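In each ligand, atom 1 is the first atom listed, and ligand 1 is the first ligand listed. For this chain, numbers begin at 1 and follow the sequence in order. In this text the structure is predicted, and so the values were computed from the model without any measurement.
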Amino acid sequence: MPRKVETTILKVDQKIDTKKIRTAAKAIQEGKLVAFPTETVYGLGANALEEKAVSRIFEAKGRPADNPLIVHIAEEDSVNILAKHVPENAGKLMEKFWPGPMTLIMPRSDLVPGVTTANLDTVAIRMPSHPVARALIEEANLPIAAPSANLSGMPSPTSARHVLDDLSGRIEVVIDGGKTGYGVESTVIDLSESIPTILRPGPLPVEELSKILGEVKISSIARAETPEEISEAKSPGMKHEHYSPKSEVLVVEGTPKRVISKIQEMATKYDREEKKVGILATEETAEKYEVGTVKVVGKRRKPETVAENLFRILREFDDEGIDIILAEGLETAGIGLAIMNRLRKAAGYNIVRVA
Ligand code: TXA
Ligand code: MG
């Protein structure tokens with residue numbers, strides 16, 4: 001258990017209060033921990049170049065030391081300081097998708113301490129678009145290392161409430177900027193090898209990236225449908241991350257009709273065993289269920305609405321003491337791949353396929 005500290009909450013709205021940003025930026029400069037909103041999920045930030053500050057991130061989250069962090073920047077020039085050299089494909093990606101939910105893996109410069117990148121010879125870099133994140137990095141005038149601001153193993157936080165539930169008393173500052181945007185973490189692309197490889201699917205879909213890059217590989221971990229595929233994972237961190245709530249999760253995949261009847265059947269069975277069943281359903285399907293606590297995560301027709309609410313709903317089921325969550329699988333097109341990647345992980349690859 002890390003040393004207990006007092007957590008200050010700084011609430012900001014549309015009109016960002018520069019005084020509060022200055023307070024938070026000063027905390028970063030002093031080696032403290034600051035959670036802040038981004039367009040994906042909340043991040044837990046510290047000075048990326050300061051070994052001691054970065055170690056405290058790992059301590060506060062209970063994060064294994066071999067899981068590398070993403071370094072957040074506010075201007076493109078910073079890439080030249082953090083990367084040993086900038087890979088050929090990086091320029092056009094940065095131009096088109098930064099600032100935004102895209103993280104690029106490049107060879108690491110000597111300026112970045114080993115603790116930040118789990119001693120890998122690469123570094124992950126992202127320029128977020130959220131105005132609060134940008135203001136904080138600019139004001140601190142430092143690159144900010146930031147994993148998602150949850151306890152290791154919990155779903156990523158999409159509101160300041162989630163951050164406080166996990167990290168209150170472990171970090172100095174939380175900037176409360178309301179709900180995040182996309183709701184799932186950035187797309188991670190490895191540019192350190194000859195063919196760009198997607199290590200983690202995110203809001204920026206594979207389809208968009210292929211348009212710019214031509215050939216793109218998707219790592220087995222990103223598709224990940226079985227635990228075996230995970231052990232092949234390149235990034236050590238990828239296999240650690242479970243995104244899992246405390247309740248047991250099962251994903252049921254197939255055509256909506258079959259998914260509904262399978263979930264109904266399983267819910268009835270668990271209900272008879274006196275287990276508290278939660279059903280993660282969509283707006284189009286929710287009213288078909290007759291047992292269990294049914295929650296609408298979003299619309300099938302608009303998968304981005306599912307991404308927005310996914311982690312919040314998983315946390316809500318936990319808070320309500322649900323024993324088992326039965327989740328409807330969705331299509332893997334566009335942001336759907338990121339959604340299914342997180343759901344399958346949360347389920348520990350406990351997937352029921354109904355064709
Ligand atoms: O949207 C996001 O990316 C959020 C916000 C806060 O920016 N951050 C985030 O960080 O999700 P984190 O630490 O929860 O996830 C970072 C992922 C991990 O899976 C980690 O293993 C991978 O990126 N990663 C970081 N550096 C890497 C590297 N050098 N090589 C391979 N994978 C790396
Ligand atoms: Mg994380």
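- Summarising the local packing, CD of E273 is surrounded by more than 12 heavy atoms from other residues, nucleotides or ligands at distances under 6.0 Å.
- Across all non-hydrogen atoms, the minimal contact from I313 to L280 is CG2-CD1, 3.9 Å.
- Of all atoms in ligand 1, listed by their number and element, those nearer than 4.0 Å to a heavy atom of L120 are 28 (C), 29 (N), 30 (N).
- At a cut-off of 2.8 Å, S148 coordinates the Mg ion (ligand 2) through an N, O or S atom.
- Proximity of N67 to ligand 1 is established by a heavy-atom distance of less than 4.0 Å.
- When the shell of 6.0 Å around CD of E30 is examined, it contains more than 12 heavy atoms from other residues, nucleotides or ligands.
- With atom 8 (N) of ligand 1 as the reference point, the heavy atom nearest to it among S192, A146, G43 is part of A146.
- Of the candidates I105, T197, T38, T117, I105 brings a heavy atom nearest to atom 30 (N) of ligand 1.
- V259 places a side-chain heavy atom less than 4.5 Å from the side chain of I263.
- With ligand atoms numbered from 1 in the order given, ligand 1 contributes 25 (C), 26 (N), 27 (C) to contacts under 4.0 Å with heavy atoms of A124.
- Close to ligand 1: R63, with a non-hydrogen atom less than 4.0 angstrom away.
- Taking only nitrogen or oxygen atoms, main chain and side chain alike, H72 reaches within less than 3.5 Å of ligand 1.
- Checking only distances, Y42 never comes within under 3.5 Å of ligand 1, N or O to N or O.
- Proximity to I70 (heavy-atom distance under 4.0 Å) selects the following atoms of ligand 1: 3 (O), 8 (N), 9 (C), 10 (O), 16 (C).
- Contact check on E284 versus K299 returns no salt bridge, with no Lys/Arg side-chain nitrogen under 4.0 Å from an Asp/Glu carboxylate oxygen.
- Near E185, the atoms of ligand 1 lying under 4.0 angstrom from a non-hydrogen atom of the residue are 1 (O), 2 (C), 11 (O).
- The main-chain N or O of A60 is found under 3.5 Å from a side-chain atom of R170 such that the two form a donor-acceptor pair.
- For M106, no heavy-atom contact with ligand 1 is shorter than 4.0 Å.
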**OP:** Start with the C-alpha distance between S148 and K61, add both sets of side-chain angles, then the distance that settles side chain to side chain contact (heavy atoms under 4.5 Å, CB included), and finish with yes or no.
**Re:** CA-CA 9 Å; S148 49; K61 277 183 60 100; 3.6 Å; yes

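- Shown in contact with T40 at under 4.0 Å from a heavy atom are these atoms of ligand 1, numbered in order with element: 1 (O), 2 (C), 4 (C), 5 (C).
- If you number the atoms of ligand 1 from 1 as listed, the ones under 4.0 Å from a heavy atom of T122 come out as 28 (C), 29 (N), 30 (N).
- Within the 3.5 Å criterion, the main-chain N or O of V297 finds a donor-acceptor partner in the side chain of N309.
- At a 3.5 angstrom cut-off on N or O pairs, T103 does not count as close to ligand 1.
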**OP:** Give the intermediate values and the outcome of side-chain hydrogen bond (donor to acceptor under 3.5 Å, both in side chains) for residues R200 and S186.
**Re:** CA-CA 8 Å; R200 179 176 71 182; S186 64; 3.2 Å; yes

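- Interface atoms of ligand 1 facing S148, defined by a heavy-atom separation under 4.0 Å, are 8 (N), 9 (C), 10 (O), 12 (P), 14 (O).
- Judged by distance alone, with hydrogens and angles left aside, the side-chain atoms of T116 form no donor-acceptor pair with the main-chain N or O of V112 at under 3.5 Å.
- R315 approaches D165 most closely through the heavy-atom pair NH1-CB, 4.5 Å.
- Using a 4.0 Å cut-off to heavy atoms of L69, the atoms of ligand 1 that qualify are 25 (C), 26 (N).
- The neighbour count for K302 NZ, taken as heavy atoms of other residues, nucleotides or ligands under 6.0 Å away, does not exceed 12.
- The side chain of L199, and not its backbone, has at least one atom closer than 4.0 Å to an atom of ligand 1 (non-hydrogen atoms only; side chain from C-beta on).
- Considering both main-chain and side-chain atoms, R200 comes within under 3.5 Å of ligand 1 through a nitrogen or oxygen pair.
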